[in-house]
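Following: one structure in structure tokens, then a few remarks.
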Amino acid sequence: MQEDTLLQLNNISVVYSDVIQVLKGVSLAVTEKHIACLLGSNGAGKTTTLKAISGLLKTENGKVTDGDIVYEKALIQNSPPEAITRRGIIQVLEGRQPFKYLTIEENLRVGTATRWGKPYGKDLEMIYDYFPPLRKRRKTLAGYCSGGELQMLVMGRALMAHPKLLLLDEPSLGLAPLVVKEIFDIIERINREQGTTIVLVEQNANMALRIAHYGYIMENGRIVMEGEAADLKKNPDIKEFYLGMGAGGDAKSYRDVKSYKRRKRWL
Amino acid sequence: MDFFIQLLVNGLSIGFLYGLAAMGFVMIFKSSSVLNFAHGELMALGAFVFLVLIGWAELPVYLAFPLTLVFCFVLGFVVERLFLRPLIGEPLIYVIMLTVGLASMFKGAMLLIWGGNLYTFPDFLPEGLAIQWGSVNIPPVYAVSIVIGLIFLMLFGLFFKYSSQGIYMRSVADNQPAALSLGVHVRKVFALSWAIAALVAGMSGIVLGIINGINVHDLSSIGLKVFPVVILGGLDSIGGAVIGGIIIGLLETFTGGYLSTSLRDVVPYIVLVFILMVKPYGLFGLVEIERV
Ligand SMILES: Nc1ncnc2c1ncn2[C@@H]1O[C@H](COP(=O)(O)OP(=O)(O)O)[C@@H](O)[C@H]1O
Ligand SMILES: [Mg+2]
């Protein structure tokens with residue numbers, strides 16, 4: 001393990017309900033203060049990987065059955081989420097998941113759960129500075145906010161916990177391109193200014209590779225490729241199938257993707 | 001006119017007690033979706049513990065009352081810890097059946113100790129609290145019940161609106177996976193909601209015991225009144241529980257006063273059916289926010 005590795009997954013397998021194996025020996029390492037992105041199509045196992053790290057797997061009857069997860073030199077696989085969040089790992093769930101009947105500001109206050117009783121006024125100010133639209137709507141019920149506002153809300157809520165490691169699950173999902181750009185700019189700023197280490201799960205490889213330092217590509221519960229973000233962006237396979245830039249410029253048919261997948265098994 | 005005012009005051013004070021009791025019930029439902037069938041027994045237990053402290057141990061009220069509340073609060077914690085917690089993650093119907101079992105267990109224990117007799121508290125409320133206004137005569141206990149009801153409603157309102165623990169509790173009721181992802185201790189929230197529910201149940205048990213006397217059967221069947229109250233108010237609204245309680249309390253006293261005492265237990269249910277036909281989620285039930 002390198003000196004500046006914050007999180008390391010060593011060959012982990014994850015099984016749901018004792019029978020459904022989803023991750024089949026996933027290994028990855030996240031460098032402190034960096035952004036690592038985890039790319040892959042629907043059903044590849046990205047969310048499962050994040051839940052294995054954050055301990056939320058437990059609530060879905062899932063379990064890490066093999067391998068280990070090392071965070072700051074401690075083994076954390078299969079610990080309960082209450083314990084893992086208190087070590088500084090916070091996951092922002094896919095699909096945003098606001099507390100609909102709480103106001104924006106109350107939503108943000110739930111982020112103080114891991115450090116109950118400590119002052120949080122400065123943190124609220126910081127969140128409102130990162131996400132100015134939230135300040136205006138602090139008294140509005142989250143259920144009435146737009147998708148972009150909600151993405152800001154759930155990221156701000158997570159930041160209230162002072163995470164060392166932030167796990168973001170598809171922040172771009174269902175947002176307009178301009179909003180996506182705004183969100184990704186803020187993610188990059190948070191990483192740079194707060195020194196927060198980030199694992200970014202995305203299907204939007206284009207945006208993710210733009211801000212990430214390192215990337216992993218996942219298919220069928222395995223990591224099939226990894227590398228520096230700059231190198232991944234140049235890789236022809238990735239260009240073709242994740243960045244939508246085929247050699248001939250035309251869209252690839254489903255059959256091509258299939259054969260690519262078959263080929264990739266051998267990578 | 002005086003008769004009307006008399007009934008109004010009586011109805012309000014009974015209604016506040018129903019509302020308080022229902023509030024505890026709703027709190028458990030909101031945080032963990034469990035319908036607690038042992039609520040009436042928790043009310044009776046509060047009344048009997050108070051009886052022991054004030055009648056047998058002869059403690060002064062200002063000690064006996066808070067001690068009883070502390071006892072109920074701790075009891076709620078213990079019940080959650082011993083009986084509910086092992087069932088977290090099991091199908092809800094098991095948990096609800098468990099509360100039915102808890103109800104018989106508590107009732108059995110109380111019958112064993114105190115039998116089915118009717119007890120009364122020693123007279124400890126100062127006569128000075130009685131309000132005399134023309135021919136309207138409000139006994140001290142009714143005045144006290146309204147005051148206690150208002151104070152506790154305000155305290156809980158502030159707690160849920162402003163305190164961090166209150167906000168964590170609401171977050172669990174709202175979206176449990178999201179609350180877990182932020183490190184909210186969901187099991188602690190369940191325990192706290194049981195503790196608070198037992199506390200308010202015990203408190204309303206005490207005051208109802210002052211009004212009607214203390215009897216295991218009577219008090220635990222008053223527990224059943226929380227059902228029309230919470231259905232009326234909307235199962236998931238704490239404020240609705242209180243207002244539902246007041247409405248049922250008023251309906252009961254007015255029916256008893258103007259129509260006949262034998263109808264007083266029936267009319268509230270008839271009105272309930274009509275209200276539900278118009279508002280199926282109860283008066284204050286959450287209407288799902290769709291825009292997300
Ligand atoms: N709770 C669960 N129980 C059983 N299977 C699950 C569960 N959650 C996810 N899966 C399965 O695991 C696979 C990977 O899912 P997921 O990790 O959500 O993928 P991704 O986030 O990459 O889209 C899918 O085939 C999905 O059906
Ligand atoms: Mg996913």
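Note on naming: letters A, B, ... go to the chains in the order of the sequence lines (proteins, then strands), and numbering restarts at 1 for each one.
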Q) Picking from A:Asn107, A:Thr114, A:Ile84, A:Val110, which has the most non-hydrogen pairs under 4.5 angstrom with chain B? A) A:Val110

Q. Heavy atoms, side chains only, cut-off 4.5 Å: are A:Trp116 and B:Gln165 in contact?
A. yes

Q.
I need the residue from B:Arg187, B:Gln176, B:Arg170 with the largest number of non-hydrogen atom pairs under 4.5 Å to chain A.
A. B:Arg170

**Q.** Choice from A:Ile90, A:Thr103, A:Leu93 maximising heavy atom contacts with chain B below 4.5 Å
**A.** A:Leu93

Q. Are more than 12 heavy atoms from other residues, nucleotides or ligands located less than 6.0 Å from atom CD1 of A:Ile20?
A. yes

Q | Flag for A:Thr112-B:Tyr168: side-chain donor and acceptor within less than 3.5 Å | A | yes

**Q.** For A:Glu82 against B:Val184, the heavy-atom pair lying closest together
**A.** CG-O, 4.3 Å

**Q.** B:Ser181 vs A:Leu56 side-chain heavy atoms within contact, under 4.5 Å
**A.** yes

Q. For atom CZ of B:Phe159, is the number of surrounding heavy atoms from other residues, nucleotides or ligands below 6.0 Å larger than 12?
A. yes

Q | Interface moiety of B:Ala173 toward chain A, non-hydrogen atoms closer than 4.5 Å | A | neither

Q | Crowding at CE, B:Met97 (>12 non-hydrogen neighbours, <6.0 Å) | A | no

Q) Is A:Glu106 salt-bridged to B:Lys161, cutoff N-O under 4.0 Å? A) yes

Q: For side-chain contact (heavy atoms from CB on, under 4.5 Å), just list the numbers for B:Leu182 and A:Arg157, CA-CA rounded to whole Å, side-chain angles, deciding distance to a tenth of an Å, and then say yes or no.
A: CA-CA 8 Å; B:Leu182 292 166; A:Arg157 201 168 68 175; 3.4 Å; yes

Q) Side-chain contact, heavy-atom cut-off 4.5 Å: A:Phe99 with B:Ile167? A) no

Q | Which portion of A:Thr59 sits near chain B, non-hydrogen atoms under 4.5 angstrom | A | side chain

Q: Name the region of A:Arg96, side chain, backbone, both or neither, that has any atom closer than 4.5 Å to a heavy atom of chain B.
A: neither

(Q) What part of A:Leu102 gets within 4.5 angstrom of chain B, counting heavy atoms only: side chain, backbone, both, or neither? (A) both

(Q) Please classify the contact of A:Arg109 with chain B as side chain, backbone, both or neither, using a heavy-atom distance under 4.5 Å. (A) both

Q. Near B:Arg85 CZ, under 6.0 Å, is it more than 12 heavy atoms from other residues, nucleotides or ligands?
A. yes

